[in-house]
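What you see is a predicted model; the values in this text were computed from it and never measured. Here is how names work: the chains are called A, B, and so on, in the same order as the sequence lines, proteins then strands, and each is numbered from 1.
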Amino acid sequence: MTEFRDLGPIDCDLHPPTPRMAELLPYLDPHWREVMLSRGIDGLELASYPPGSPLSARPEWRGPGGRPGGDLALIQREVLDRWGTRRAILNCLHGSMAMFSEDMAAALARAVNDWIASEWLDRDARLAASILVAARSPELAVAEIERRAEDARFVQVLLLAGSELPLGRRGHWPIYAAAERFSLPVGIHAGSAFHQPMTSVGWPSYVVEDYVSQATGFQHQLLSLIGEGVFTRFPRLKVVLIESGVTWLPGFLWRANKEWRALRPEVPWVDRSPIEIVREHVRLTLQPFDSPPDASALAAVIGQLGSDDLLLFSSDFPHWQWDGEDILPKALPEVLRSRIALDNPRQTYPRLGVRLGKECVS
Amino acid sequence: MTRHVVAPSAEIAPGSRKLVNVAGRSIGIFNLGGEFFALLNRCPHQGGSLCLGEQVGLVLSEEPGQYCYSRPREMLRCPWHGWEFDIRTGQSWCDPKRMRTKSYPVTVEPGEALVKGPYQADIFPVSIEADYVVIDL
Amino acid sequence: MSGAVLERSRTDAARLGMVDCDIHPMLRSERALFPYLARRWRDELETFGLRTRNPFVGSFAFPKATPALSRRDSWPPAGGPPGSDLSFMRAQYLDPYGIETGILQTLIPSGKDQRNPAFGAALCAALNDWQIAEWTEPEPRLKAAITIPAEDAEASVAEIERSAPKSDFVSIFLTTRTAEPLGRKRYWPIFAAAERTGLALGIHTGGSNGLPMTPGGWPSFYFEEHMANAFAMQPLLASLVLEGVFEAFPKLRVVLIEGGFAWAPALAWRLDKHWARMRPEVPHVRHPPSFYIRRQVWFATQPVEEPPDRADLRTLIDWIGWERLVFASDYPHWDMDDPQRAFKLALSDGETQAVFRDNARLAYRLP
Ligand code: FES
């Protein structure tokens, strides 16, 4: 069995530390720099990931003051070098995604993207990143996608599972049109803008409850994308569900298929079973993998996914999703390991430009 | 295969339908603009009385927001879970290969031909002046 | 193991004495409640009508798939809406399927969701009296669930205490979409009353809390709303577990109704995984979440899961536990399940007895 690191995997989800305002100031234009300073705006970590929470960072993956994610050296040591990572996609979970003011959100997103480019991508060629956008304003979001798309190291557009409006809604479509045009998958990441609770049954009490409910958030969003016909309208669009938990998918698809059979005339543009649509258009990052307790159940769930194409390797650094060296769910079939590590990410993110020579196919 | 005379054709006007019992089977006879179709009145999903379902048109779409309406009254929606079946074929729209209700060949025959047999028309007398719906079972 | 295919065993099912955990009776008209309402509330009903957190006076926020959200062959020939005619319910459903016990859940009108809380409480009491007088007394096969104004725990407990002595009530009826997640302390007096009276807690899909139907806002289509109903069960169950409801009320019996069940194993795995990591936040949850679910939660089957590969259904139930599923039809609604044909699976006699009868007897403490 090939060592996982020898495959040279592509890590599709890891998180740099959320930049503080002082770090972003050089990347803001004079007006916004003044606004941030004179209004004392800072502390824009997303509330879905309280920095001290065990889930937000493994103990050894914290920087000074316990800051999740530390710095580039830590990422290199703990992830890139350790796992032989060929390429890695940074998803910066910055609060610009949850900002009510569209203009401020866009200014911050721009600053974060530029910060990522200079402070991270320029310093390690293995790194790539997602583009942050002001999702409340598709117009501004598209402008940012267009501005950043020239740089091939930006390989995805990032949105939150806890959005303000369901992501399939037509208002978001300019974002998808731009993403499709530039071969950028749309990554939907766990987390909420908290413009409403993370559940339809009210505001939960606990962080863990919110986090568990992220999985249902993904289910709603996926159904919205299907039901609104996003994949009919944008046939080349790929959507990546990042940090979704994965194992809810088979049950979701059975139900979606059943709903479609009964209610198809309401959404006649859904011209195929949701199962087929998802196989073609949707991918999921590996961690966290809400794994059943035993290997045979795990094999059954993997079988129920019904395709080897769906999963993309991710470490989810620095989130504490796995211990020790268990970066992959136990008992993952050997063939699937290389698909997940390399083939699937490569096909999902064409902008990474990863070509496989013979040496990589093991 | 036995041929059954199930109704005078005038009794099932274009756009209408009739439920008949033939050899212990409940069968729906549909007249779509002068063409007749016969379907087993049992939904392959969970057994709802399919032929009592609403007759609706077929709505298709090339892109979201577009509703292309065609073939009014030619689709049958099961009265239970609403799955759509094409009256012309008995096939389910969403899973035509695996999910279909039995459909039977239907012809319209003049009464004159029928009195000679070999037809089953136990329920009513056949007159040579009228036309009849005949299904093969 | 006989391997009998349930589709073919109509007579066996009749002999089995099936329990159906979800049947919906309906008022012939709102006026049918008048005999059970005080003058003050009759006037309220006539003058202002039912008011929930919905945009329309006489319709649902998301128009349903069928009139009265019912299967099209369920309109009683003698008139009235589906579910409003006991003799037709007998003829169309109870008799031919051999239902030995059917548990009524009155969804509409909802006393739970009324914006005027006092009116809501009066409606709940009236509906409970109506269920007894017009359904369970004339038809002993039918049992009922006590409908309560859940947002007002005090009034709910009063209604539970008033109604529980009538043996025709076998559960307390709640819906998924409460104002706050159901595990929160404001609802605990209801759970205490359930434990005290020995009644099961039947939590049925539905309710209007005014919150968006999804954590990403309001969707567009009934296609989404209908499925979102099932999604609501997941955070609801997470809330019950993580708030410590099962720890505080170890004898509470919860039946989740009309949410399906394919989501249950993945949710339990997810809960166990993240609970283990986040224990410092929820120290009151002493056992892995799956422990409580397996001990105190039953899943009603409808709408039954239909994986394209039928073997997956068996695997799924193996994961949940054959002792945790209770059959529900949802008659007369359009998305109901036929007791004989819904399960596309060959069940052994033991499995049939468990799912269609014995598990429900335990969950509801039926005689
Ligand atoms: S029984 Fe006909 S659609 Fe289900």
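- Crowding of B/Glu62 atom CD: a count of heavy atoms from other residues, nucleotides or ligands under 6.0 Å not exceeding 12.
- Environment of CD in B/Glu112: sparse, with no more than 12 heavy atoms of neighbouring residues, nucleotides or ligands closer than 6.0 Å.
- Between the side chains of C/Asp73 and B/Trp80, a donor-acceptor pair is found at a separation under 3.5 Å.
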Starting from the C-alpha separation in whole Å, work towards a yes-or-no answer on side-chain contact (heavy atoms from CB on, under 4.5 Å) for C/Arg72 and B/Arg77. CA-CA 10 Å; C/Arg72 284 179 185 272; B/Arg77 291 199 75 182; 6.0 Å; no
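- Around atom CZ of C/Arg28, no more than 12 heavy atoms belonging to other residues, nucleotides or ligands sit under 6.0 Å away.
- Per-residue heavy-atom pair counts under 4.5 Å with chain C were compared for B/His45, B/Gln46, B/Arg98, and the maximum is reached by B/Gln46.
- Pairing each heavy atom of B/His81 with each of C/Trp334, the nearest pair is CD2-O, 3.3 Å.
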